[in-house]
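Take a look at the structure set out below.
Just so we're clear, the structure is a prediction, and the values are computed from it rather than from any experiment.
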Amino acid sequence: MIQIQAFEMFLSSPACKIEVPERLTVSHEALVQSGLADRCVSIPVREATDADILLVHSEEYLEAVKKTPYMTLEDLKEFTLQYGDVYFHPNIYHCAKLAAGAALQLVDSVMTGKVRNGMALVRPPGHHSMRSAASGFCVFNNVAIAARYAKQKYGVKRVLIVDWDIHHGQGVQYSFEDDPSVLYFSWHRYEHQKFWPQLRESDFDSVGKNKGVGFNINVPWNKVGMQNSDYLSIFCHLLLPVAYEFNPDLVLVCAGFDSAIGDPEGEMCATPDIFAHLTHLLMNLAGGKLCAVLEGGYNLTSLAQSVCQTVQTLLGDPAPPPANLDGPCKSALDSLHCVRSAHRQYWSCLKHAEEEEEEKTLDKGEEGNSIEEKVWPEPPKRVTPTIRTAVVLPDGVTCPDGCKRFSSSEDLDPLIISKLNDVSGFMHAVLGLLLPLAYEYDPTLVLLVRMSDAGLCEIVWQQLTGLLQGLAQGHMLVLMQDGEKECVGPTASSLLGYPAPSLGQLPAPLPEDVASIESLRHRLKADWKLLQTTGDFTT
Ligand code: Q9C
Ligand code: ZN
C-alpha cells in the first residue's frame with residue numbers, strides 16, 4: 001500500500017473541474033478514518049527517472065514535458081492545446097514523475113515480496129497518455145511504464161492489465177497491441193463511438209496486432225447505467241477464464257473508479273462494494289501479486305468508498321454481500337457476446353462461445369435521469385474477524401504450522417500434469433457456472449465438502465476455496481475426510497487468505513467436458529440470469 005499526495009498550486013480556479021487534488025485527499029482521509037491506513041505499509045514515493053519514462057514515451061515528448069515548469073501560463077495554454085482534454089500546470093511534470101514513480105515503487109515492493117499487493121493513490125492518472133502525447137488528464141502512462149519495468153527488471157514473462165476505469169485506456173492499448181506478453185483488458189463507456197475518446201479502435205473487434213493478436217480485449221458499454229451484475233458477468237464469462245488461461249506472473253489494475261455510481265463522467269450504476277469483488281476475483285491470479293494504480297474517479301464520495309472497498313479487500317478482509325445482482329442487461333449481454341465471439345479463435349476457454357453470427361442490436365437511447373443526484377447507501381462497515389480460521393483436526397494430525405505457500409507450478413508432479421485437461425475443464429466449470437450461480441444465489445454460508453475420490457489436486461482446490469471466499473462474507477466451512485491429511489495445509493492456507501499458487505498455463509479443456517458444462521449452463525440460464533452470455537434468450 002502506497003500513497004502519494006500531489007499538491008496543485010492553482011491559486012485561481014482550477015483549469016480542470018473534476019481531476020482535482022481533493023480526489024487524493026478524500027481517498028486518503030477515508031482510509032485513515034476507517035482504520036485501513038493503519039493496516040497498510042506506506043511505501044515512500046520516488047520520481048520516475050528518464051529511463052523509466054522512456055520505457056513507454058518518446059524522447060521528444062519527454063523533453064517537451066520537461067520544459068513545462070518553466071513556461072509562461074500563455075505558453076502552457078498553447079502547449080496544452082495540441083492534446084485532447086489535458087491540462088498542464090507548472091507543477092504537473094513533477095506530479096507526473098511522482099505518479100509513475102509511485103507505481104514503480106509498488107511494483108518493486110510486490111516483486112521483491114516486501115508486500116503481497118498494494119494500491120498506489122496517484123495523480124495525474126496515466127492510461128490515456130500515449131508514446132508522444134498527453135491525453136485525458138494523463139501525462140505519463142503510469143501502468144504501461146510499470147508493466148515494462150516489471151518485465152525488464154524482474155523478468156516477468158506475462159503481465160495482465162485490468163482496466164476497470166470507465167474510459168478506454170487507449171494509451172495502454174497502443175503500447176502493447178502487438179505484444180503477447182501483456183494482456184490488456186478494458187471495459188469502457190462507448191455508446192457506439194459517441195463517447196470520448198470516440199475511437200473506432202476502442203470497439204470489441206480491436207483484438208491486438210501481429211504477435212499480440214488476441215491479447216487486447218475491449219468491452220464497449222453501449223449504454224450508461226451499467227450495474228453490478230453487468231460487471232460481474234463480464235468477469236465470470238470473459239475476463240477470468242481468459243486470465244486463468246493466460247496465467248499472468250503479475251496483475252496490474254488501472255483502478256479508475258469513474259465506473260462507479262455517482263460519477264459524472266461514467267454515469268454507471270455499479271455500487272462501490274462491487275470493487276471488493278472485482279479485486280477479490282483477481283487476487284488468486286499471479287500468486288496474489290497485484291498492483292492497483294489509481295486512474296479516474298470524479299465523484300469524491302463514490303471514489304473514497306470505492307478506494308476503501310478495494311484496499312480492504314487487498315488486506316484480506318471478507319467481501320461484503322454483493323448488492324443487487326439481478327442479472328445483466330440486454331446491452332451488456334450484447335457486448336459480452338460480441339467480445340466472446342471476437343476472441344473465440346484466440347482463447348480455448350472461449351472456443352465454445354455461441355456459434356451464431358452476432359447480430360448487433362442497436363440500443364435505444366437511455367432514460368435521462370441526472371447522475372449527480374443518484375443516491376446509494378453507504379457501504380456497511382465491513383468486519384475484520386479477530387480470528388480468521390479455525391482448524392478442527394482428528395487426533396494424531398498436527399496443525400500445519402506456518403501454512404506455507406505451495407508455490408510455483410514448475411514443480412508439479414507428472415501425475416498432475418496428466419490431469420491438466422481435467423483442471424481446465426474444472427476451472428471452466430468453476431468460473432462460468434459455479435461462481436455466477438453462487439453470486440446470484442447469494443448464500444450466507446458456503447459449505448465445501450472435499451470428496452477424497454474427486455482427485456482434485458491441491459492447487460486447484462486452493463483456487464476453488466479462494467474464489468468461493470468472495471461469497472457469504474467469507475463464511476466458509478470446509479469438511480474433509482480422514483484420508484485427506486495432505487490437503488489440510490493447503491486448505492488452511494487458503495482459508496487464512498494466502499493466495500493460491502497459479503495453475504500454470506492450462507491446455508484447452510476436453511471438448512466433452514465443455515459440452516456438458518455448456519449444456520448445463522444453457523438449461524439453467526432461464527432461471528439464473530448471471531449464467532447468460534448473450535442477449536438472445538432463445539440460444
Ligand atoms: N467535457 C480519466 O478518467 N473528457 N480520464 C472530459 C469533459 C476527458 C478521463 C470531457 C476524460 C478523461 C483518467
Ligand atoms: Zn476514466
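Side-chain atoms of Tyr231 and Trp164, non-hydrogen and from C-beta on, never get closer than 4.5 Å to each other. Val307 places a side-chain heavy atom less than 4.5 Å from the side chain of Phe257. Contact check for Thr533 versus Arg521: side-chain heavy atoms found under the 4.5 Å cut-off. Looking at heavy atoms from C-beta onward, Thr279 lies out of side-chain contact with Met119 at the 4.5 angstrom threshold. Residues Asp230 and Ile234 are not in side-chain contact: their nearest non-hydrogen atoms beyond the backbone lie 4.5 Å or more apart.
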- [ ] Under the side-chain hydrogen bond (donor to acceptor under 3.5 Å, both in side chains) rule, what do Ser348 and Glu245 come out as? Steps first, then yes or no, please.
- [x] CA-CA 8 Å; Ser348 65; Glu245 186 170 337; 3.1 Å; yes

TODO: Check the pair Ser494, Thr465 against side-chain hydrogen bond (donor to acceptor under 3.5 Å, both in side chains), reporting the backbone distance first and the verdict last.
DONE: CA-CA 7 Å; Ser494 172; Thr465 51; 2.6 Å; yes

Open item on the list: Test side-chain hydrogen bond (donor to acceptor under 3.5 Å, both in side chains) on Asn324 and Ser229; report intermediate values, then the result.
Closed with: CA-CA 7 Å; Asn324 9 295; Ser229 291; over 6 Å; no

Open item on the list: Determine whether Arg382 and Gln309 satisfy the following criterion, side-chain hydrogen bond (donor to acceptor under 3.5 Å, both in side chains), listing intermediate values before the conclusion.
Closed with: CA-CA 9 Å; Arg382 288 164 61 179; Gln309 292 291 324; 3.0 Å; yes

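Residue Glu378 places its CD atom among 12 or fewer non-hydrogen atoms of other residues, nucleotides or ligands, all under 6.0 Å distant.
Side-chain atoms of Gln462 never come within 3.5 Å of backbone atoms of Pro501 as a donor-acceptor pair (strictly under, hydrogens ignored). At least one donor-acceptor pair under 3.5 Å links the side chain of Asn228 to the backbone N or O of Thr271. The backbone N or O of Leu503 lies less than 3.5 Å from no partner atom in the side chain of Gln463, so there is not a single donor-acceptor pair. In this structure, the side chain of His277 does not engage the main chain of Leu471 through any donor-acceptor pair within 3.5 Å. Remark: the backbone N or O of Cys254 is not paired with any side-chain donor or acceptor of Asp165 at under 3.5 angstrom.
Note on Asp108 versus Lys153: salt bridge recorded, some NZ/NE/NH1/NH2 to OD/OE distance being below 4.0 Å. Salt-bridge check for Asp263 with Arg189: failed, with every basic side-chain N at 4.0 Å or more from each acidic carboxylate O.
Below 30°, between 30° and 60°, or above 60°: for Phe235 and Trp187 the angle between ring planes is between 30° and 60°, a tilted geometry.
In summary, the side chains of Asn216 and Gln173 do present a donor paired with an acceptor at a separation below 3.5 Å, with no hydrogens or angles considered. Remark: the Asp163 side chain and the His127 side chain contain an N/O donor-acceptor pair separated by less than 3.5 Å.
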